[in-house]
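All of these numbers come straight from a predicted model, not from anything done at the bench.
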Amino acid sequence: MKKILLVFLFVCLSLQAQIPDTKQLIVVTTKDWSAPSGVLQRYEKEGSVWHKVGKAIDIKLGRNGLGWGIGLHTIPKDAKYIKKEGDGKAPAGIFTLKQAFGYFPFVVDYPYEVYKSTDHCVDDVNSKLYNKIVDSSKVNIDYKSKEHMRFPKNYYKYGIVVNHNHIDEAGAKRGAGSCIFIHIKSVPTAGCTVMREDEMKEIITWLDVSSHPLLVQGTVDVVNGLLEEIK
């Protein structure tokens, strides 16, 4: 029994250890799992107290609502909705944020990447490059499906990479969903969270890499539970 308790304690500590000591949160809530829209509110930690930052932003997300994604959280064993490739759902859970990006240089303190028309995010589950952002002119193209990171429409003019399913990392689970971003758009998406350009730029300008910002996304009840995991 003592050994079992020690193993359980180790697992709990491991789960807590993977959530960074964040001081910035982007919290997205929806009314239910099928809602294609919601509200985004930023928070900043001062000492041990969280404060709202800026006004709430009306956002759109997956056209088919939400499904549990792969991030820093633990997916409930009885979860009814699980994010899958091509399901039109945005990922629910706790996620770190990677680089911001855009079509042109943008002077901000947060890591920012200017993408070219040759840059692709691979969503082909059969590709060795699945859920990776690559310069197609520099890789062996084994994929038949991808997201263009720069194209005529302004959807990716400014955005942020969400670390769902180990994007640009080892360990991406094939078929669990790929290429999840926060970016510009006015209608529901295939799985990203979107808003107006001015709102997107304001968030990028606000981000501080040393504050280890996180995205917390889900229904109101889910988000309340996830926030309990964040100190």
Side-chain angles (χ1 to χ4, degrees), residues 20 22-28 40-45 53-62 71 90-91 95-124 127 129-141 143 145-170 172 177-217:
T22 179
K23 293 182 180 179
Q24 288 187 326
L25 293 177
I26 296 175
V27 179
V28 173
L40 181 153
Q41 179 65 59
R42 289 178 287 153
Y43 293 87
E44 205 162 68
K45 193 175 185 180
V53 175
K55 296 180 180 179
I57 296 173
D58 292 325
I59 55 89
K60 299 292 191 298
L61 36 68
F95 309 94
T96 57
L97 299 176
K98 292 200 162 184
Q99 72 274 12
F101 61 86
Y103 293 172
F104 310 101
F106 186 31
V107 181
V108 288
D109 291 332
Y110 197 74
Y112 181 86
E113 186 79 21
V114 176
Y115 285 127
K116 311 178 296 298
S117 59
T118 56
D119 292 320
H120 299 158
C121 187
V122 181
D123 56 15
D124 184 342
S127 171
L129 301 172
Y130 178 67
N131 205 23
K132 287 182 169 54
I133 299 173
V134 299
D135 184 340
S136 61
S137 67
K138 298 179 180 179
V139 298
N140 179 25
I141 297 177
Y143 50 88
S145 179
K146 77 276 185 182
E147 290 278 341
H148 288 277
M149 297 306 298
R150 180 170 181 167
F151 54 102
K153 293 184 178 180
N154 72 346
Y155 301 155
Y156 291 171
K157 184 178 178 181
Y158 295 103
I160 304 166
V161 176
V162 176
N163 193 4
H164 167 258
N165 193 18
H166 305 285
I167 189 168
D168 274 339
E169 299 174 350
S178 61
C179 306
I180 299 297
F181 311 120
I182 303 173
H183 64 89
I184 301 167
K185 207 171 187 180
S186 59
V187 297
T189 70
C192 295
T193 299
V194 296
M195 64 199 72
R196 298 196 314 257
E197 179 177 331
D198 61 311
E199 296 165 335
M200 188 72 258
K201 290 176 71 176
E202 182 177 348
I203 290 176
I204 294 174
T205 302
W206 169 73
L207 289 175
D208 175 11
V209 69
S210 67
S211 294
H212 307 292
L214 297 176
L215 169 66
V216 183
Q217 187 161 262

Just checking, Lys157 and Tyr103: is the charged tip under 6.0 Å from the six-membered ring centre and within 45° of the axis? no
Thinking salt bridges, do [X] and [Y] make one under a 4.0 Å N-O criterion?
X      : Y      : result
Arg42  : Glu202 : yes
Asp198 : Lys201 : no
Glu169 : Lys98  : yes

Got a second to check how far Asn163's CG is from Leu97's CG, nearest 0.5 Å? 8.5 Å
Approximate separation, where rounding is to 0.5 Å, of Leu215 CG and Leu40 CG: 8.0 Å
Does the separation of the ring centres of Tyr158 and Phe106 fall below 6.0 angstrom? yes
Would you say the rings of Phe181 and Phe101 are close, in the sense that their centroids are separated by under 6.0 Å? yes
Quick one, Leu61 with Val194, criterion side chain to side chain contact (heavy atoms under 4.5 Å, CB included). Give me CA distance, side-chain angles, the key distance, then yes/no. CA-CA 6 Å; Leu61 36 68; Val194 296; over 6 Å; no
Could you list the residues that satisfy side chain to side chain donor-acceptor pair (under 3.5 Å) with Asp208, not counting sequence neighbours? Ser210, Ser211
Does Tyr143 have any ring pair (Phe, Tyr, Trp, His ring centres under 6.0 Å) partners at least two apart in sequence or in another chain, and if so, which? His120
Using a distance-only test with no angle check, is there a side-chain donor-acceptor pair under 3.5 angstrom linking Asp135 and Thr118? yes
Please name the residue in the list Arg150, Glu147, His148 that meets the side chain to side chain contact (heavy atoms under 4.5 Å, CB included) test with Tyr156. Glu147
